[in-house]
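Heavy-atom basis, side chains included; hydrogens, waters and symmetry copies ignored.
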Amino acid sequence: MELVKQSNTSKAPADWFTGDVWWDVIHAGQEPSRMRVNLVRFSPGARTNWHSHVLGQALHVVSGTALIGTRDGTIIETHPGETVTCPPGEDHWHGAAPDTFMEHLAMWEGRGDGTPETAWQEPVTDEQYHGPRTNTH
């Protein structure tokens with residue numbers, strides 16, 4: 001057993017996000033573990049670019065209102081305590097609603113062979129971000 005030293009909070013790269021986003025690496029597994037977990041904090045309206053994960057991703061909302069979108073125009077609105085899974089290879093984006101900060105745990109795995117875990121793509125447009133939502137409360 002080992003107590004892992006907490007890493008410093010980092011500003012997320014502007015090449016992958018729209019708006020102000022910060023993260024803490026909670027776990028970056030070393031072989032044989034492939035698990036990755038980040039606590040990600042989004043300012044109102046901030047969001048990821050389109051991207052996909054080679055082995056999928058789970059997003060667990062800690063605070064605020066999260067929006068998770070797919071290429072078919074679906075936007076799922078989620079709240080604290082809710083989790084959304086994104087299957088392997090599915091293009092998606094996630095971020096905060098326009099009027100609230102949002103924090104989520106992003107959980108995914110790498111293949112363990114050193115290849116990229118995430119394929120980053122173009123920014124989400126304002127039109128895509130403001131599309132109709134499902135699962136609203």
Measuring only between side-chain heavy atoms, which start at C-beta, is [X] closer than 4.5 Å to [Y]?
X: Glu109; Y: Val54; value: no
X: Asp91; Y: Ser52; value: yes
X: His130; Y: Pro98; value: yes
X: Ser63; Y: Arg41; value: no
X: His60; Y: Glu82; value: no
X: Tyr129; Y: Leu67; value: yes
X: Thr134; Y: Glu77; value: no
X: Pro44; Y: Asp99; value: no

Minimal non-hydrogen separation, [X] against [Y], with atom names:
X: Leu39; Y: Ile26; value: N-CG1, 3.7 Å
X: Cys86; Y: Ile68; value: SG-CG2, 4.3 Å
X: Asp24; Y: Ser7; value: OD1-O, 4.1 Å
X: Thr48; Y: Trp120; value: CB-CZ3, 4.0 Å
X: Val61; Y: Gly64; value: CG1-O, 3.9 Å
X: Val25; Y: Asn38; value: CA-OD1, 3.4 Å

Could you check whether any side-chain N or O of [X] sits under 3.5 Å from a backbone N or O of [Y], counting only pairs where one atom can act as donor and the other as acceptor?
X: Asp113; Y: Thr115; value: yes
X: Arg34; Y: Gly110; value: yes
X: Thr125; Y: Gln128; value: yes

To the nearest 0.5 angstrom, please state how far the [atom1] atom of [X] sits from the [atom2] atom of [Y].
X: Trp93; Y: Thr18; atom1: CH2; atom2: OG1; answer: 10.0 Å
X: Asp72; Y: Thr70; atom1: CG; atom2: OG1; answer: 3.5 Å
X: His92; Y: Thr85; atom1: NE2; atom2: OG1; answer: 10.0 Å
X: Glu122; Y: His51; atom1: CD; atom2: NE2; answer: 12.0 Å

Once the angle between the rings of Phe17 and Trp23 is folded into 0 to 90°, is it parallel (under 30°), tilted (30 to 60°) or perpendicular (over 60°)?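 Answer is perpendicular, since the angle exceeds 60°.
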Anything under 30° is parallel, anything over 60° is perpendicular, the rest tilted; go ahead and classify His104 against His94.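 Judged by the thresholds at 30° and 60°, the geometry between His104 and His94 is tilted.
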State which residues pass salt bridge (charged side-chain N to carboxylate O under 4.0 Å, His left out) with Arg36; sequence neighbours excluded, sorted by chain then number.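 Checked Arg36 against salt bridge (charged side-chain N to carboxylate O under 4.0 Å, His left out); matches are Glu117.
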Suppose we screen for salt bridge (charged side-chain N to carboxylate O under 4.0 Å, His left out). Which residues come up paired with Asp126, at least two apart in sequence or across chains? Arg47
Yes or no on salt bridge (Lys or Arg N to Asp or Glu O under 4.0 Å) for Lys11 and Asp20, after CA distance, side-chain angles and deciding distance? CA-CA 8 Å; Lys11 185 152 179 46; Asp20 289 324; 2.8 Å; yes
Test log, rule ring pair (Phe, Tyr, Trp, His ring centres under 6.0 Å), inputs Trp22 and Phe42: CA-CA 7 Å; Trp22 297 82; Phe42 293 80; over 10 Å; no
